[in-house]
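For reference, the structure is listed below as structure tokens.
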Number of protein chains: 2
Amino acid sequence: MTDDDAGPNRIPFVPVTLSDVAREARVGESTASRVLRNQGSFSERTRSRVKAAAERLGYVPNRIAGTLASTGSRLIGIVVPSFANIVFAEVLRGANAVLDDTDFQSVIGVTDYRQEQEERLVSSLLAWRPAGFILAGLEHSPAATTMLKASGARIAELLDIDGAGLDIVVGFSNEAAGRASARHLVARGYRRIGYVGHDLDRDLRAAKRFRGFAQALAEAGLSLHDREVVGQPSSVEAGKDGLARLLDRRSGLDAVYFSNDDMALGGYFLCLARGLAVPRDLALFGYNGLDIARHTPQPLTTLRTPRLRIGEIGARLLVSGAPAQVVDVGFELVEGATA
Amino acid sequence: MTDDDAGPNRIPFVPVTLSDVAREARVGESTASRVLRNQGSFSERTRSRVKAAAERLGYVPNRIAGTLASTGSRLIGIVVPSFANIVFAEVLRGANAVLDDTDFQSVIGVTDYRQEQEERLVSSLLAWRPAGFILAGLEHSPAATTMLKASGARIAELLDIDGAGLDIVVGFSNEAAGRASARHLVARGYRRIGYVGHDLDRDLRAAKRFRGFAQALAEAGLSLHDREVVGQPSSVEAGKDGLARLLDRRSGLDAVYFSNDDMALGGYFLCLARGLAVPRDLALFGYNGLDIARHTPQPLTTLRTPRLRIGEIGARLLVSGAPAQVVDVGFELVEGATA
DNA sequence: GCACGCATTGGCAGCGCTGCCAAATAGGTT
DNA sequence: AACCTATTTGGCAGCGCTGCCAATGCGTGC
């Protein structure tokens, strides 16, 4: 009388196999297979019989078996640092849009910005024998690099081109992005420039931007007035607190460069709360064109990167068997009202 | 002399199989298999030899073959409307955190809030014979429902409990969330209340919140003063524009309920830009505890839901083989400074 | 010394599908 | 009618692994 012990009531699952379909359609297995994959030749009469039989039985092809039997898989392993960061969300969206139009499927893993986690993910995704990998950035652990190279899978590394790639690389120069930001501030006449950043050990691309930024300042004969780096992931709160500490410590700042728009937004809110006029009292410069930052009372001055396109291009090159290459998609400086 | 015609130079990929490992370790295949899965019994001597052989050869078990040979797969199909929405990103993060500690792997699909896309995804994920599915909400197309039921997979539907679930349901009542929001505004003395919402045909949970909101107003003897529903996905811009239209059309509003925090933030920025004092001139109420909205000069009054926990609980129940059940995780009204 | 139980091991038949090849059929041609 | 080619079809061996079962070895108790 007890039937509530393990899961809901459900009809015992009886899988329908290709041979069931073949029998139902009164054809051989391989014929049924050819029809269902629409490959090779078969008569119209056969086609309709097999299709009808498959329909009638509710046949769902088993990709596991299919992949095992054929040589290459139709899986793409995707490894990103985070879902929450809009950058990766959009890259994923772009990649997915492309993969949706093919018969590739993506298997996704999230590293939380930890390289050892990336390594774990690569090795466990490898167990599915993916045809390709999509990764963020160019920096991977030696073990991960070795595994990737040995896997025979194609690899697309996205969002950064400052360094050596393994195969396909799609992105832009983070160092150049940092330099462009510094040059903008300098051209606008700012001289006492600070930096508020996050966790540069983890976010290596942010570190590259900072390097480029500092370098361009030096080229202009300036140096960073002060910096405040919080040891946590980027967030609005971290930006707010970081700027607060910077302002409390150092006077005379006329502009601040933030490691990204989340941080910059926090800074902007702090200015609003403290009654500082932006950009007269303090100019703010962000990075990455966060949607929200375009609609604040004063749109944020920032640098926008074509994240969606990066995902699209990466995925397309990967599945189309294009040769190894580096694609620089560039970036765009957005002149808002804050710098 | 041409070797740059198809992808990077790479050693021809020679996969290492279990039988290679077995031969190298001078044991039988099944013994090697038992050691590598740490299952069944074997001597310490055998263990170390097999491990060493696997290590030496760089063996990566083939999950495709393993899954085919054993009965059940270790895959979980996850289908969410969007990556960009922080809600789903956090649910995913929670689910992934749990799955990472098991040997389940997730295969993710994104519907873009389109039910027909959900159906396509369910059917193509089914080809991987997943052990479980994680879905957003309770509303699915009839075909998708049929497929899911017939698949034999466990199913977790997240983020909503207003309706009938298929198996495991983890979330909260969106209608109750709407009611709680209305009661708060009424208790605070607001009487001329408006609504600014997005694409309710697509976002069915937002529609449920609106229903609950309107219902609670009615119970208090009030009715909605006016509403503005934009026919697009939620965004800061949509909230800003929506509120602008509402204000330009209707005077005397004292509070506005937004379909979520993105929208509300847009509304807040509009008030800042127009010099409206919040909440004196206009009170604002959001939904979903967007991180950013806690750090605006005035924190947004909103309703927070435990998204991470929802993902965690859903995944945990799914993989632990728990019986079908509904888990109400509730929500929390966050009294900010805007209502 | 022999039977018994337990731990350990290897052989082998599939899992459901695809790829290869040979067989069967169809459609002309002389 | 015999012959040839092109199309269509079915049989069957794997893909790499797991699950089952039988075989082996070893320590115990009588």
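The chains referred to below are lettered A, B, ... by the order of the sequence lines, with proteins before strands, and numbering in each begins at 1. The analysis underlying the following values was restricted to heavy atoms, covering all of them including side chains, and did not include hydrogens, waters or symmetry mates.
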Can you tell me how far [atom2] of [N] sits from [atom1] of [X], to the nearest Å?
X	N	atom1	atom2	result
Leu18(B)	dG11(C)	CG	C1'	14 Å
Glu29(A)	dA23(C)	CD	C1'	18 Å
Asp20(B)	dC15(D)	CG	C1'	13 Å
Phe42(B)	dG19(D)	CZ	P	14 Å
Trp128(A)	dC17(D)	CH2	C1'	12 Å
Leu36(A)	dG16(C)	CG	C1'	13 Å
Arg129(A)	dT18(C)	CZ	P	19 Å
Leu68(A)	dC17(D)	CG	P	9 Å

Options [options], nucleotide nearest the side-chain atoms of [X]:
X	options	result
Ser70(A)	dG19(C), dC17(C), dC17(D)	dG19(C)
Ser41(B)	dC17(D), dT9(D), dA7(C)	dA7(C)
Arg37(B)	dT8(D), dT9(C), dG19(D)	dG19(D)
Ala69(B)	dC17(D), dC17(C), dG10(D)	dC17(D)

Any side-chain heavy-atom pair of [X] and [Y] under 4.5 Å:
X	Y	result
Glu157(A)	His140(A)	yes
Gln105(B)	Leu99(B)	no
Thr111(B)	Pro81(B)	yes
Phe104(A)	Leu75(A)	no
Trp128(B)	Asn62(A)	no
Asn96(A)	Ser106(A)	yes

For residues 315-324 of chain A, which side-chain donor-acceptor pairs fall under 3.5 Å, sequence neighbours excluded?
{"from": "Ser320(A)", "atom 1": "OG", "to": "Arg316(A)", "atom 2": "O", "distance (Å)": "2.9"}
{"from": "Ser320(A)", "atom 1": "OG", "to": "Leu317(A)", "atom 2": "O", "distance (Å)": "3.3"}

Glu29(A) CD to Arg34(A) CZ distance, which is reported to the nearest 0.5 Å: 11.5 Å
Lys/Arg cation over aromatic Phe42(A): Arg47(A), 6.0 Å, 45° cone: no
Five-pair end axes of the helix from dG1(C)-dC30(D) to dT30(C)-dA1(D) and the angle they enclose, rounded to 10°: 50°
Touch class at under 4.0 angstrom, heavy-atom based, for Thr17(B) against every strand present: sugar-phosphate
Check: Arg34(A) side chain, dG19(C) base, donor-acceptor under 3.5 Å: no
Base dG11(D) to side chain Ser30(A), donor-acceptor N/O within 3.5 Å cut-off: yes
Under 4.0 angstrom between Ser33(A) side-chain N/O and dC17(C) OP1 or OP2: no
dT8(C) phosphate, OP1 or OP2, under 4.0 Å from Thr31(B) side-chain N/O: no
Interface with DNA chain D, restricted to residues 44-67 of chain A and to heavy atoms under 4.0 Å: Thr46(A)
Closest approach of Leu36(B) to Ala54(B) (non-hydrogen atoms, all atoms of both residues): CD2-CB, 4.1 Å
